[in-house]
Amino acid sequence: MRRRHAMPFGAELRGDGATRFRLWAPNAGQVELALGDPAAPVLHPMTAGGGGWFEAVVAGAGAGTRYRFRIDAGMHVPDPASRANPDDVHGPSMVVDPLAFEWTDGAWRGRPWEEAVIYELHVGTFTPEGTFAGAMGKLDYLAELGVTAIELMPVADFPGRRNWGYDGVLPYAPDAAYGTPADLKRLVQAAHARGLMVLLDVVYNHFGPEGNYLHVYAERFFNPRHQTPWGAAINFDAEGSRTVRDFFVHNALYWIEEYGFDGLRLDAVHAIADDSAPDIVEELTATVRARIAHDRHVHLVLENDRNQSRYLGRDARLAPTHATAQWNDDVHHAIHVLVTGERDGYYADYAGRPLRYLGRCLAEGFAYQGEPSPYRDGAPRGEPSAALPPAAFVAFDQTHDQVGNRAFGERIGHIADRRRLRAALACLLLAPAPPMLFMGEEFAAGAPFLFFCDFGPELAAAVTRGRREEFGRFERFRDPAAQAAIPDPNDPATFARSKLDWTELDRAPHREWLALYRELLALRHRHVVPRLAGMRSGGTFEVREDGVLRVAWTLGDGAKLHLVANLADRSCGAVGLPPGEAIYAAELPAEGDLAAGILPAYAAAVTLERAA
């Protein structure tokens with residue numbers, strides 16, 4: 001079986017052995033195709049078509065051919081739709097034949113979203129090798145852990161050898177530091193062979209600060225009327241936006257059709273500026289849903305700080321109308337306040353009633369559903385979400401953002417009260433919403449996850465200085481010496497420190513944490529997952545004055561799931577075990593203090609009332 005996504009731009013091999021090259025360059029008067037050795041390329045004129053397009057068809061420029069475009073007899077630039085850029089973002093692109101890879105997973109149709117247990121990982125720091133091939137070696141471990149989907153942080157070609165991935169500038173080219181396009185396809189195929197879905201994080205809100213040449217020949221790719229933290233916004237709603245929208249819609253289809261990805265996570269859609277209707281999120285999700293075969297499970301997940309439930313609607317069959325789900329930062333923030341006590345920055349929104357916010361997230365989706373946000377100077381945040389099923393909200397207590405955006409990259413296990421964290425994990429992993437783990441959290445990895453990059457000298461110095469100045473707004477970093485202690489993002493040692501140490505699995509306390517995660521995920525798959533399909537809405541919750549949290553859900557098969565938890569450091573009285581079969585009870589004695597109506601500190605219990 002072979003797969004190929006046909007694109008109206010870039011380098012496309014034809015059946016007659018020739019390759020068609022196309023570039024949208026509305027600011028260029030002349031474009032030439034430069035083939036072969038970058039030091040002495042062979043130049044081919046490209047024919048100017050309508051609307052700013054240039055095209056050339058060249059015989060013999062087969063797979064492996066290096067090429068660039070020369071703009072107005074001056075600058076040589078890579079292909080913005082390059083399928084591979086082996087010599088990094090400033091080097092020539094390479095022609096790739098997608099039909100050269102033979103797939104053996106033709107029977108794979110994906111998995112229903114209700115079965116999702118997601119594992120977010122960064123390819124470069126997940127294994128010692130830091131490659132697609134290295135990640136393949138951990139797939140059996142992930143399947144045994146209870147994971148059903150891996151989510152790769154962005155792999156689009158970024159400058160240098162080290163990056164989180166959000167500074168990518170060639171959205172179609174897997175970064176060569178991780179391997180070849182064929183290596184990535186092997187990883188996807190190997191995951192499918194183990195029953196694992198593979199999701200890819202994609203960035204459609206900006207390009208990175210180094211290696212983006214679009215301003216040279218396609219200024220209409222950006223709309224200066226909208227300003228973002230990265231400068232002029234990507235143009236989704238002004239003159240020329242049809243081509244720009246096509247570029248990103250095709251990118252989504254490319255990863256799903258040509259690489260067999262089971263879904264995408266769209267980074268920070270709140271940072272996309274688009275006044276058109278339908279907006280790019282609506283158009284992209286609708287196009288993907290219309291294009292993909294109905295018997296294939298493909299999932300689209302958003303990151304959206306605005307908590308806009310409008311993107312998460314369901315039709316009469318409970319199928320998503322646009323996005324499948326959204327990362328629910330509210331869950332993380334409430335848990336973080338509860339288990340660490342930290343209350344600065346955006347945690348201030350959750351500091352007053354963190355347990356209530358957690359309960360509302362577990363039962364209704366968002367904690368903020370239109371209420372004023374103190375952190376945002378009282379501006380309302382969010383839209384009503386209680387009518388949506390829990391499957392619309394991805395729940396977690398760690399992500400790359402929440403760990404890596406700390407000055408020293410501390411994981412929650414490094415700073416939390418571990419007894420509270422254990423109870424919170426039961427609330428998270430046994431609730432109906434699909435949970436997500438951040439790589440290494442399941443064994444309380446000792447390695448931090450730091451911010452790292454590999455920019456050119458001038459930009460590198462600015463990034464290092466800017467990061468330290470950013471943290472200088474916090475009291476603990478006011479002193480210049482404290483700022484200087486913040487790891488330099490461009491230092492290779494910062495990247496090396498962020499790699500997981502897999503030898504920890506056999507040592508305390510890591511093996512005990514791993515055992516806990518395995519137990520909770522096994523219980524989830526045994527008791528909860530089989531009953532999730534058909535859930536139409538969330539549940540109900542109650543927070544008592546003494547700090548006892550109760551949540552109840554009616555599952556898709558009519559069964560009722562109950563949670564009772566005490567994350568405080570004292571026992572609570574007059575508490576009864578919820579009805580049904582106890583499927584998990586943490587910190588409860590064998591006979592159970594609950595028989596006497598006492599819920600011990602840091603206790604959590606989950607029960608299941610089966611449908612009649």
Side-chain angles (χ1 to χ4, degrees), residues 78 85 87-91 120 122-126 130 153-171 173 175-178 201-216 222 227-234 267-268 270-272 303 305 344-346 399-411 438 447-499:
N85 248 59
D87 303 315
D88 207 12
V89 298
H90 301 293
E120 187 195 18
H122 177 269
V123 174
T125 54
F126 181 52
M153 289 173 63
V155 301
D157 203 7
F158 51 76
R161 299 283 299 176
R162 308 172 299 278
N163 200 280
W164 276 15
Y166 299 94
D167 293 314
V169 292
L170 299 175
D175 197 275
Y178 300 151
D201 197 341
V202 291
V203 182
Y204 297 157
N205 53 59
H206 77 288
F207 290 90
E210 180 183 335
N212 171 23
Y213 292 95
L214 287 164
H215 291 283
V216 174
F222 304 92
Q227 289 297 312
T228 75
W230 307 281
I234 292 175
D267 176 67
H270 56 266
I272 293 175
E303 179 194 20
D305 185 64
D344 57 346
Y346 43 68
T399 69
H400 72 275
D401 268 331
Q402 307 304 340
V403 177
N405 285 332
R406 300 178 67 88
F408 297 106
E410 305 101 324
R411 297 166 176 270
F438 179 58
F449 186 71
L450 298 160
F451 176 65
F452 49 80
C453 51
D454 183 22
F455 293 130
E458 184 175 337
L459 181 57
V463 169
T464 299
R465 182 173 60 254
R467 183 162 176 82
R468 290 173 175 169
E469 290 174 352
E470 176 185 356
F471 284 103
R473 295 177 297 173
F474 294 86
E475 187 63 36
R476 62 180 291 205
F477 295 111
R478 293 285 172 81
D479 182 65
Q483 292 182 33
I486 297 173
D488 181 354
N490 290 278
D491 185 347
T494 302
F495 172 72
R497 286 177 58 199
S498 301
K499 284 182 175 279

| field | E210 side chain vs G456 backbone, donor-acceptor pair below 3.5 Å | value | yes
| When the ring centroid of H400 is compared with that of F449, is the distance short of 6.0 Å? | no
| said: Looking at P209, is its backbone amide N or carbonyl O close enough to the side chain of D167 to form a donor-acceptor pair, meaning the two atoms are under 3.5 Å apart? | reply: no
| message | Counting C-beta onward and ignoring hydrogens, is there a side-chain heavy-atom pair between I234 and Y204 closer than 4.5 Å? | response | no
| query | If only atom types and distance count, is the side chain of E303 paired as donor or acceptor with the main-chain N or O of A268 below 3.5 Å? | reply | yes
| Side chains of Y166 and H206: is there a donor and an acceptor less than 3.5 Å apart? | no
| Between D175 (side chain) and F158 (backbone), is there a donor-acceptor pair under 3.5 Å? | yes
| field | Closest approach of V169 to G211 (non-hydrogen atoms, all atoms of both residues) | value | CG2-O, 3.6 Å
| said: Would you say that N212 contacts W230 through its side chain, given a criterion of any heavy-atom pair below 4.5 Å between the two side chains? | reply: no
| task | Assess whether atom CZ of R406 is packed by more than 12 heavy atoms of other residues, nucleotides or ligands within 6.0 Å. | result | yes
| From L450 atom CG to R467 atom CZ, the distance as rounded to the nearest 0.5 Å | 8.0 Å
| request: Working to the nearest 0.5 Å, report the span between CE of M153 and CZ of F126. | output: 13.0 Å
| said: Treating T494 as the side-chain partner and D488 as the backbone partner, does any N or O pair qualify as donor plus acceptor under 3.5 Å? | reply: yes
| Nearest heavy atoms of C453 and V463, plus distance in Å | SG-CG1, 4.0 Å
| query | What's the shortest heavy-atom distance between A407 and P487, and which atoms? | reply | O-CD, 3.5 Å
| request: Looking only at non-hydrogen atoms, find the nearest pair between Y213 and P78 and report the distance. | output: CD1-CD, 3.6 Å
| query | For A271, does its backbone N or O pair with a side-chain atom of N205 as donor and acceptor, under 3.5 Å? | reply | no
| request: Please name the pair of heavy atoms, one in R497 and one in P448, separated by the smallest distance, quoted to 0.1 Å. | output: O-CD, 3.5 Å
| Residue that, paired with H122, satisfies ring pair (Phe, Tyr, Trp, His ring centres under 6.0 Å) out of F451, F438, F452, W164 | F452
| request: For D157 and L170, indicate whether the former's side chain and the latter's backbone hold a donor-acceptor pair under 3.5 Å. | output: no
| Minimum heavy-atom distance between Y178 and P154, given as atom pair plus value | CE1-O, 4.5 Å
| N163 CG to N490 CG distance, which is reported to the nearest 0.5 Å | 9.5 Å
